[in-house]
Student: 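Take a look at the following structure, please.
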There are 2 protein chains.
Amino acid sequence: MPKQVDPVARRADVVDALFRVVFREGLQRASLRAVADEAGLNIGSLRHYFANQQELMGFAMRAMLDRVSGRLMRRIDEAGDVGALTLEQRRRLSLDLLAELLPLDETRRVEVAVFVDFVTAARTHPAIDAGLAREAAVGARALVRRILRRAMDSETLRPDLDLDVETERLSSLIDGLSLNTVLYPDLLSPEACLDVLRDHLDGLTRQGS
Amino acid sequence: MPKQVDPVARRADVVDALFRVVFREGLQRASLRAVADEAGLNIGSLRHYFANQQELMGFAMRAMLDRVSGRLMRRIDEAGDVGALTLEQRRRLSLDLLAELLPLDETRRVEVAVFVDFVTAARTHPAIDAGLAREAAVGARALVRRILRRAMDSETLRPDLDLDVETERLSSLIDGLSLNTVLYPDLLSPEACLDVLRDHLDGLTRQGS
DNA sequence: TTCGATTTATCACAGGTGTGATAAATCGAA
DNA sequence: TTCGATTTATCACACCTGTGATAAATCGAA
């Protein structure tokens, strides 16, 4: 009896519209009305799928985290059994996984730009769940740590390194690179961004130099 | 004949009030009225010193940059003639200068938090001068590059390093460390933040290990 | 005391915000 | 065709925003 609409797809459309608005005009201008307009919906319609602003923001942020972690999972699956890889293949996988977090193409540039707005706003904005932002930071560190740990176990990592410090160093480096590439693409191009990450990883694995 | 008020001090008071509001409630809530209230002024009075929002924001951002570069200048002056320093003193100076950019105490924590809000908002917010944000990024890179260059010239730096890449790596690392310390102080304490920076600099200077 | 530039204080306006409440339209199933 | 849950669409309200315009108060100098 009901009017037939796929609510999942609708919500996804709204989230996409939200991302576009945030990327183009910032989180400040991403009002419910602006998002509804961008999605081609009436605000009443939008509010049927998201009761309030807080719910929309939370759903959008969660969707973004799912999207990123989905890409990471896919990369890992594609790699197959990690134990069967050569050292060179492992290094390549590490780089690919971490590079997945950088704004190297337009899709990820939008993603990172929106993400930056979210996490900075989460510090103070009442409608944005600070717990989700923290969760993302924790997750990123867990990934970085696992990658470093695996390299340590396979003895491709310099043995004099402290895992805690290196985890934080690499995590913060990635954050800083992402931030600068998004904010000042003329100062730090996506290519240069990747070069820095590659050099950093090289420095971690190459013995004594 | 005029009523006697120090306009310079007034403007500084307003800027301080703005920083407090931004730190506490975010740039989003830092409206002219909120800033005026925080400064104990009537909004009409505030508008006598700052014609627009744009002017206030620009002045505040400029004041912040002046404050930081002033601290850096003072550090350099205190160090005296750089050529007369021992290698250990030079390394210490490099660390101190770069650490000046990190949110290691409450003053700088507020500063960095506000700064982060500013630069991210500058990407889209029409009342915030994106040129100033870019200028700050350029300035930070210039400082980092000079420090690295000096270390290279005095042969305390590993000779196999690319100055461009290392400048960007260190600059982005500092940005990432600052961001994470401000956003997630329970994940990255000021002490740990400084440890990471120290380790990074050690890795740049220590030959072959 | 009178003057007058500086400084403070108000009012008003157009526009935008989230949200509660409610009506209307839709369209497949019974 | 009729029903009715789903979906869409409006209206209204209180609140906040930047800003233009204008009046009022201040207080040292002449």
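So you know, we letter chains A, B, ... as the sequences are listed, proteins then strands, and number each from 1.
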Student: Run the numbers on A:Leu188 and A:Leu177 for side-chain contact (heavy atoms from CB on, under 4.5 Å), then give the verdict.
Tutor: CA-CA 8 Å; A:Leu188 181 57; A:Leu177 288 172; 3.9 Å; yes
Student: Let me know the distance between CG of A:Asn42 and P of C:dA24, rounded to the nearest Å.
Tutor: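 These atoms are roughly 15 Å apart.
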Student: Quick one: which residue pairs count as a salt bridge (Lys or Arg N to Asp or Glu O under 4.0 Å) with a foot in residues 34-44 of chain A, not counting sequence neighbours?
Tutor: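 Listed by first then second residue: A:Arg20-A:Glu38, A:Arg24-A:Glu38.
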Student: Specify the residues of residues 114-129 of chain B, ordered by number, for which at least one heavy atom lies under 4.0 angstrom from an atom of DNA chain D.
Tutor: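 Close to the strand, none.
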Student: Side-chain contact, heavy-atom cut-off 4.5 Å: B:Glu111 with B:Arg71?
Tutor: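 Side-chain contact under 4.5 Å: yes.
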Student: Would you say A:Tyr49 places a side-chain N or O within less than 4.0 Å of OP1 or OP2 belonging to D:dT6?
Tutor: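 Answer no for this pair, as no side-chain N or O of A:Tyr49 is under 4.0 Å from OP1 or OP2.
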Student: Can I get a per-line list of side-chain donor-acceptor pairs under 3.5 Å for residues 192-201 of chain A, giving both atom names and the distance, sequence neighbours left out?
Tutor:
from	atom 1	to	atom 2	distance (Å)
A:Asp195	OD1	A:Arg198	NH2	3.2
A:His200	ND1	B:Arg169	NH1	2.7

Student: To the nearest Å, how far apart are A:Leu46 CG and D:dT10 C1'?
Tutor: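 Going from A:Leu46 (CG) to D:dT10 (C1'), I get 15 Å.
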Student: Just jot down the salt bridge (charged side-chain N to carboxylate O under 4.0 Å, His left out) partners of B:Arg109, sequence neighbours excluded, or say none.
Tutor: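 Partners of B:Arg109 by the salt bridge (charged side-chain N to carboxylate O under 4.0 Å, His left out) criterion come out as none, since no residue qualifies.
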Student: What ring pair (Phe, Tyr, Trp, His ring centres under 6.0 Å) pairs are there with at least one residue in residues 12-41 of chain A, not counting sequence neighbours?
Tutor: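 Matches after skipping sequence neighbours: none remain.
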Student: Under a cut-off of 3.5 Å for both distances of each Watson-Crick or G-U pair, what dot-bracket string does DNA chain C give, using [ ] for crossing pairs and | for inter-strand pairs?
Tutor: ||||||||||||||||||||||||||||||
Student: Mind jotting down which residue pairs meet the salt bridge (Lys or Arg N to Asp or Glu O under 4.0 Å) criterion with at least one end in residues 52-62 of chain B? Sequence neighbours excluded, please.
Tutor: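 Checked against salt bridge (Lys or Arg N to Asp or Glu O under 4.0 Å) - neighbours excluded - the pairs reaching residues 52-62 of chain B are B:Arg11-B:Glu55, B:Arg62-B:Glu135.
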Student: If a pair satisfies ring pair (Phe, Tyr, Trp, His ring centres under 6.0 Å) and one of its residues is in residues 108-147 of chain A, list it, with sequence neighbours excluded.
Tutor: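 Checked against ring pair (Phe, Tyr, Trp, His ring centres under 6.0 Å) - neighbours excluded - no pair reaches residues 108-147 of chain A.
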Student: Excluding sequence neighbours, so at least two apart, what forms side chain to side chain contact (heavy atoms under 4.5 Å, CB included) with B:Arg75?
Tutor: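 Side chain to side chain contact (heavy atoms under 4.5 Å, CB included) check on B:Arg75 returns B:Asp96, B:Leu97, B:Glu100.
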Student: How would nucleotides 16-22 of chain C be written as a contact map, 5' to 3', with B for base contact, S for sugar-phosphate-only contact and - for no contact, using protein heavy atoms under 4.0 Å?
Tutor: -SBBB--
Student: Please report, rounded to the nearest Å, how far the P atom of C:dT7 is from the CZ atom of B:Phe50.
Tutor: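 Interatomic distance, CZ of B:Phe50 to P of C:dT7: 13 Å.
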Student: In whole angstrom, what separates A:Arg11's CZ from D:dT6's P?
Tutor: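 Taking atom P of D:dT6 as the reference, CZ of A:Arg11 is at 14 Å.
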Student: Can you tell me which residue pairs pass the ring pair (Phe, Tyr, Trp, His ring centres under 6.0 Å) test with a partner in residues 25-52 of chain A, sequence neighbours excluded?
Tutor: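 Output for this query lists A:Phe50-A:Phe59.
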Student: Kindly point out which of D:dT10, D:dT8, C:dT8 is positioned nearest to the side chain of A:His48?
Tutor: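 Nearest listed nucleotide: D:dT8.
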Student: Excluding sequence neighbours, so at least two apart, what forms side chain to side chain contact (heavy atoms under 4.5 Å, CB included) with B:Asp13?
Tutor: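 Applying side chain to side chain contact (heavy atoms under 4.5 Å, CB included) to B:Asp13 gives none.
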Student: Rounding to a whole Å, what distance do you find between A:Asp6:CG and D:dT8:P?
Tutor: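 The distance from CG of A:Asp6 to P of D:dT8 comes to 12 Å, rounded to the nearest Å.
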